[in-house]
Amino acid sequence: MTTIRVSSSSLREGRWYEYMIRFVLGGAATVVTGLISSRYGASIGGLFLALPAIFCASATLIEKHEVRRKREAALAGQRRGQEAAALDAAGAAFGALGLLAFAVVFSALVKVSVPAAFTGGSLAWLIVSVAAWYARRKWHSVRRVRNADKGGGCEISR
C-alpha cells in the first residue's frame, strides 16, 4: 500500500492569479450556498455545502500545471494533464462519499452527544473515503493486469 505524504512543493508551482481564481470561486460557491440556504432552508443549503467549493477551479489548474510541466521537459503533456485532473475528481467524489457518511452518522448521534456525533462522523468520513480510494486503486490494478494479459499494454500507474 502506498504511503500518504504531504508535500508543499506544489504550492510553489502555482501562480498568484491561480490562487486568486480558487479564492474567488470558492468564495462564490460559499455565497451561493448561503443564498440557497436563506431561501430554501438549512436542509437544502447543506446539500450544496458538501460541494467542494474550489473543485471547479482546481481541476482546470491541475491540468494546466501538468501540461506546463511536461512542456518544459519537451514532452506532450495533454493526456497526463487530463489524467491528473481526473484523479483529483475521483478524490473529490470519494471525499463527498465520506461527507455523506459523516452526515448520516452525525445525524444519528447528535441527539445523544454532540462530541460523540463529531467524533463518529469524522471516523465515518475517514473510513469511507480511504476505503473508497483503496477500492479504486485495487480496481485499477486488476484492470491493468487484465489489459496486460490480453496484450493490450498497461496503464500508467497513478
Side-chain angles (χ1 to χ4, degrees), residues 1-69 79-145 155-158:
M1 185 180 225
T2 306
T3 0
I4 298 172
R5 296 181 309 268
V6 175
S7 172
S8 64
S9 64
S10 62
L11 293 175
R12 290 187 291 271
E13 293 176 13
R15 298 199 165 93
W16 70 268
Y17 62 86
E18 293 172 337
Y19 293 111
M20 184 61 72
I21 290 170
R22 289 178 181 175
F23 178 78
V24 168
L25 288 178
T30 303
V31 167
V32 169
T33 299
L35 293 173
I36 291 170
S37 184
S38 294
R39 173 80 169 113
Y40 299 104
S43 297
I44 301 299
L47 295 174
F48 289 90
L49 192 59
L51 170 74
I54 63 167
F55 172 70
C56 303
S58 68
T60 57
L61 294 175
I62 286 170
E63 180 181 10
K64 192 188 292 185
H65 283 183
E66 289 298 321
V67 169
R68 184 178 350 123
R69 186 181 302 146
R79 179 163 171 96
R80 174 67 179 152
Q82 291 169 347
E83 289 176 350
L87 193 61
D88 189 55
F94 297 145
L97 285 175
L99 286 175
L100 178 64
F102 178 94
V104 168
V105 171
F106 186 89
S107 65
L109 296 177
V110 73
K111 291 179 182 172
V112 176
S113 166
V114 172
F118 275 110
T119 303
S122 297
L123 286 172
W125 169 82
L126 180 66
I127 291 166
V128 168
S129 299
V130 171
W133 189 256
Y134 182 74
R136 179 195 176 279
R137 286 187 57 88
K138 282 295 186 190
W139 181 73
H140 276 283
S141 66
V142 167
R143 200 172 94 189
R144 209 173 13 253
V145 168
E155 281 185 23
I156 298 170
S157 177
R158 290 174 177 75

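Here, residue 1 is the first one in the sequence, and each next residue gets the next number.
- The ring pair (Phe, Tyr, Trp, His ring centres under 6.0 Å) search around Phe118 returns Phe106, not counting sequence neighbours.
- For the residue pair Gly95 and Ser129, the shortest heavy atom distance occurs at CA-OG, 3.9 Å.
- Shown here are the side-chain contact (heavy atoms from CB on, under 4.5 Å) partners of Lys111, two or more places apart in sequence or in another chain: there are none.
- Listed by chain and number, the residues in a side-chain contact (heavy atoms from CB on, under 4.5 Å) with Trp133 are Leu87, Ala90, Phe94, Arg136, Arg137 (sequence neighbours excluded).
- Val128 pairs with exactly one of Leu97, Val105, Leu123 by the side chain to side chain contact (heavy atoms under 4.5 Å, CB included) rule, that one being Leu97.
- Listed for the Ser107 side chain is a donor-acceptor partner under 3.5 Å among the backbone atoms of Val104.
- A donor-acceptor contact shorter than 3.5 Å is absent between the side chain of Ser37 and the backbone of Thr33.
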